[in-house]
Amino acid sequence: MAIIILVCLGNYSKKFKIDSLRNVKMNIGGSTNFSKNINFNNEVQYASKVTSLSPNVGVDFIWDKVFEFKPYYRITFTNNAYDINAFEDRTFTRHAAGLRTATFMPKKLEWRNDISFNYNPDVAQGFQNTAWLRNSTLAYSVLKDQGAITLKVYDLLNQNTNAIRNATQDYIEDSQSIVLKQYFMLSLSWKFNSLGSKGESNDRNMWIH
């Protein structure tokens, strides 16, 4: 038998206006997850309780139509507790930090970056416990903003990995899997506008890669 409860602790944000074009927004939030599993060990019934807590904080600096700068940080605490002496209680943490930026200069050129860093200090030796991931996109508007030429680079640093630690009902598991590797993609997007039967505007996008 398993009982799983996921609770969002909520998110709070507060915006501070610098002037008519610039503002700063503070973001604070978090979530918690609880699961209880009933199992048997040598015909002895026991319960395992897995509790995780993930608070996060971030700051958004927005300069309208010029620049966006959005750093964030999240930490996850996980505790796996047993009511039987055959298994030892375990506690571990996971860290995630990142930065999202956007630059809109010159006018028709848009450059976006999504950078993240993950740190799993408790995984066993032989697993990669740190990983950087950077995605970058450069877009240029054409045809009076009805089209865009876009170049996207996924995993620019070529370091993407997926090493994680999971808590289960009777063991702790470290795993590392193959993930999507670095690639480049050039695309042309062209937006066609048409009017519906009642005059509504319908947008249709055709992507050519």
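Keep in mind it's a predicted model, so treat the numbers as computed, not measured. We use all heavy atoms of the structure for the numbers below, so side chains are in, but hydrogens, waters and symmetry mates are not.
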Point to revise | T32 side-chain N/O to S52 backbone N/O, donor-acceptor pair under 3.5 Å | key: yes
**Study point:** Min side-chain heavy-atom separation F34-V50 under 4.5 Å
**Key:** no
Exercise for review: Provide the closest heavy-atom pair for N11 versus G29 in the form atom of the first, atom of the second, distance.
Suggested key: OD1-CA, 3.4 Å
Exercise for review: Please indicate whether K15 has more than 12 foreign heavy atoms, meaning atoms of other residues, nucleotides or ligands, lying under 6.0 Å from its NZ.
Suggested key: no
Check your understanding: Knowing that exactly one of T150, I149, L138 qualifies, which makes a side chain to side chain contact (heavy atoms under 4.5 Å, CB included) with L186?
Key -> I149
Check your understanding: Taking the inter-plane angle between the rings of W132 and F117 on a 0 to 90° scale, is it parallel (under 30°), tilted (30 to 60°) or perpendicular (over 60°)?
Key -> tilted
Check your understanding: Is L143 linked to L109 within one hydrophobic cluster, defined over Ile, Leu, Val, Met, Phe, Trp and Tyr using a side-chain heavy-atom separation of less than 4.5 Å?
Key -> yes
Review point. Out of curiosity, M26 CE to K14 NZ, how far, rounded to the nearest 0.5 Å?
Key: 12.0 Å
**Study point:** Separation of N158 CG from R134 CZ (nearest 0.5 Å)
**Key:** 13.5 Å
Check your understanding: At their closest point, which heavy atom of D155 faces which heavy atom of N135, and how far apart are they?
Key -> N-OD1, 3.0 Å
Review point. Does some side-chain heavy atom of P106 sit less than 4.5 Å from a side-chain heavy atom of Y140?
Key: no
Review point. What closest approach, in Å, do S13 and N27 show between heavy atoms, and which atom pair accounts for it?
Key: CB-OD1, 3.3 Å
Practice item. Assess whether atom CD of Q45 is packed by more than 12 heavy atoms of other residues, nucleotides or ligands within 6.0 Å. Key: yes
Review point. So, for A148 and V142, which heavy atoms are closest and what is the spacing to 0.1 Å?
Key: N-CG2, 3.9 Å
**Study point:** Residue pairs involving residues 19-34 (criterion salt bridge (Lys or Arg N to Asp or Glu O under 4.0 Å); sequence neighbours excluded)
**Key:** D19-R22
**Study point:** Sole residue of V59, T103, L99 in side chain to side chain contact (heavy atoms under 4.5 Å, CB included) with F69
**Key:** L99
Check your understanding: So, do H95 and Y73 sit near enough that their side-chain heavy atoms are less than 4.5 Å apart?
Key -> yes
**Study point:** Connected via hydrophobic side-chain network under 4.5 Å: F40 and Y46
**Key:** no
Check your understanding: Are any side-chain N or O atoms of N56 and backbone N or O atoms of I75, one a donor and one an acceptor, separated by less than 3.5 Å?
Key -> no
Check your understanding: Does Y154 offer a backbone N or O that forms a donor-acceptor pair with the side chain of Q182 under 3.5 Å?
Key -> no
**Study point:** Between W111 and S136: side-chain donor-acceptor atoms closer than 3.5 Å
**Key:** yes
**Study point:** Test ring pair (Phe, Tyr, Trp, His ring centres under 6.0 Å) applied to F67 - qualifying residues, sequence neighbours left out
**Key:** none
Check your understanding: Roughly how far apart are N113 CG and L156 CG, rounded to 0.5 Å?
Key -> 8.0 Å
Point to revise | ILVMFWY network linking Y72 to Y119, side-chain heavy atoms under 4.5 angstrom | key: no
Study note, to complete from the structure: The reported gap from CG in L151 to OG in S187 (rounded to nearest 0.5 angstrom) is 8.5 Å
Point to revise | T93 to D122 - nearest heavy-atom pair and separation | key: N-OD2, 2.9 Å
Review point. Does the side chain of R94 come within less than 4.5 Å of P121's, by heavy atoms?
Key: no
**Study point:** Check against side chain to side chain contact (heavy atoms under 4.5 Å, CB included), V44 and I84
**Key:** CA-CA 9 Å; V44 176; I84 185 174; 4.2 Å; yes
Check your understanding: Counting only N and O atoms by type, is there a donor-acceptor contact under 3.5 Å from the side chain of N23 to the main-chain atoms of I18?
Key -> no
Review point. Applying the 4.5 Å side-chain criterion to the ILVMFWY set and letting contacts propagate, would I28 and F16 be lumped into a single cluster?
Key: no
Exercise for review: Please list, chain by chain and in numerical order, all residues satisfying salt bridge (Lys or Arg N to Asp or Glu O under 4.0 Å) with K70, sequence neighbours excluded.
Suggested key: E68
Check your understanding: Can you tell me how far OG1 of T137 sits from CG of D114, rounded to the nearest 0.5 angstrom?
Key -> 9.0 Å
Point to revise | Nearest heavy atoms of K65 and F104, plus distance in Å | key: O-CB, 3.4 Å
